[in-house]
Amino acid sequence: MGRIKIIAGNWKMNKNLSEAVSLTQEIIHSSPENNSLKIIFPPFPFIQSVNEVLKNKKGFFVGAQNCSEHNAGAFTGEVSATMLNSLGCTYVLIGHSERRQYFNETNALCHKKIVQALNNNIKPVYCVGETLQQRKSNTHFEIVKSQITEALSSLNSDQIKQVVIAYEPVWAIGTGETATPQQAQEMHAFIRTCMKDLFDASVSDNCILLYGGSCNASNAKDLFSCEDIDGGLIGGASLKAEDFCKIIASA
Ligand code: 13P
């Protein structure tokens, strides 16, 4: 299909500055050579230092875990996409389930953040996924469809090409319970169908879809070999260089 693979590490709210720098150095040192893109999403205060280490390393990029829906102004504590661009960020996570759960982020808000990112030449990695209750009540497809539709449908054809989607079932995040390759593939294929219905076959075929949720060195290969899975968004296992590099090797 010709889509590139992406292996991304979401460090969440972990590490201090010197730990962030040494982890990045270890990853660079041990990473296997392959054609995948590697993205590190450190906490905001470490973006610049991590980027210093990653700069000019082929295939490595730095991203942010969130951005404001506003351009600039009196929004104490917020970080704009313009600021992230000036730090060298090329990707930003939008709508991670922890942001939806703890900071009440809605699909409509995610849409505004995605537009901010795109206006500042930053590629959004838009996160979707159902809770355990939603899966048990068999509404998971409906939920993911509305997350996609409400946040992405009004993007134009140039904008949508910049968007990466990460399917992260909430019940698999940080729980050690991974979606099976069959469950993940089923949802990724469904997301492609949604993208075809909203846009066209070319957008659907070319859209990069990542899986996230207890993805680790042991299960990555099986997940990444599924037809519609183009890599992973890794939480816990991205905090150890050895594990993260094994996952990179599975791409
Ligand atoms: P875990 O890999 O720790 O389950 O986290 C996944 C995640 O939330 C990545 O964004």
Side-chain angles (χ1 to χ4, degrees), residues 5-15 19-20 23-24 27 36-44 46-47 50 61-67 84 89-103 105 110 113-114 117 122-132 134-135 140 143-144 147-148 151 163-181 183-184 187-188 191 208-224 226 229-251:
K5 290 263 195 251
I6 294 183
I7 306 300
N10 173 10
W11 290 0
K12 308 194 179 183
M13 198 173 74
N14 292 294
K15 305 288 176 190
E19 289 166 348
L23 176 56
T24 312
I27 291 170
S36 66
L37 293 192
K38 280 71 70 173
I39 312 171
I40 293 180
F41 292 97
F44 286 133
F46 311 147
I47 287 173
V50 166
F61 298 91
V62 74
Q65 296 174 18
N66 180 30
C67 73
L84 295 176
C89 275
T90 38
Y91 291 87
V92 62
L93 297 180
I94 303 287
H96 191 281
S97 70
E98 288 146 20
R99 306 262 352 141
R100 294 177 187 266
Q101 189 180 348
Y102 305 129
F103 303 95
E105 293 199 0
C110 291
K113 292 185 174 203
I114 288 168
I122 300 177
K123 294 180 166 72
V125 178
Y126 177 53
C127 305
V128 300
E130 79 286 357
T131 63
L132 183 60
Q134 288 161 344
R135 181 161 277 262
H140 46 301
I143 290 292
V144 169
Q147 289 170 334
I148 302 252
V163 177
V164 174
I165 297 174
Y167 169 59
E168 300 204 303
V170 180
W171 48 271
I173 294 178
T175 58
E177 190 188 340
T178 324
T180 63
Q183 284 172 320
M187 185 59 87
H188 281 231
I191 292 171
I208 297 171
L209 304 183
L210 309 182
Y211 169 79
S214 298
C215 185
N216 58 37
S218 323
N219 59 30
K221 208 167 185 72
D222 285 345
L223 286 160
F224 301 165
C226 294
I229 301 183
D230 305 312
L233 180 54
I234 320 300
S238 73
L239 295 170
K240 285 193 196 130
E242 194 187 341
D243 290 358
F244 192 57
C245 289
K246 279 187 190 155
I247 297 173
I248 294 172
S250 310

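All residue numbers refer to positions in the sequence shown, counting from 1. When a ligand or atom number is given, it counts from 1 through the structure's own listing order.
The side-chain heavy atoms of Phe46 and Leu23, taken from C-beta on, include no pair separated by under 4.5 Å.
At a heavy-atom cutoff of 4.0 Å, ligand 1 is contacted by both the backbone and the side chain of Ile173. Proximity of Ser97 to ligand 1, defined as any heavy-atom pair under 4.0 Å, is not found for any part of the residue.
Residue Ser214 places a heavy atom less than 4.0 Å from ligand 1.
The two residues Ser214 and Thr178 come nearest to each other via the heavy atoms O-OG1, 3.1 Å. Across every non-hydrogen atom of Pro124 and Ile94, the tightest pair is CB-CG1, 4.1 Å. Minimum heavy-atom separation, Ala184 to Leu223: CB-CD2, 4.0 Å.
Which parts of ligand 1 touch Gly213 is read off a 4.0 Å heavy-atom cut-off, strictly below it: atoms 4 (O), 6 (C). Numbered from 1 in the order shown, with element, the atoms of ligand 1 that lie under 4.0 Å from a heavy atom of Leu233 read 9 (C), 10 (O). Listed by number with element, the atoms of ligand 1 under 4.0 angstrom from any heavy atom of Gly174 are 1 (P), 3 (O), 4 (O). Close approach of ligand 1 to Ala172 is summarised as follows: ligand atoms under 4.0 Å from at least one heavy atom of the residue are 4 (O).
Checked by distance only, ligand 1 and Gly236 come closer than 3.5 Å through their nitrogen or oxygen atoms.
Nearest-heavy-atom check against atom 9 (C) of ligand 1 across Glu168, Glu98, Gln65 picks out Glu168. Looking at Gly235, Ala166, Gly129 and measuring to atom 6 (C) of ligand 1, the nearest heavy atom belongs to Gly235.
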(request) Kindly determine whether Tyr126 and Gln147 satisfy side-chain contact (heavy atoms from CB on, under 4.5 Å), including the steps that lead there. (result) CA-CA 9 Å; Tyr126 177 53; Gln147 289 170 334; 3.8 Å; yes

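Glu130 and Trp171 share a side-chain donor-acceptor pair at under 3.5 Å.
Between the side chain of Gln65 and the main chain of Phe41, a donor-acceptor pair closer than 3.5 Å is present.
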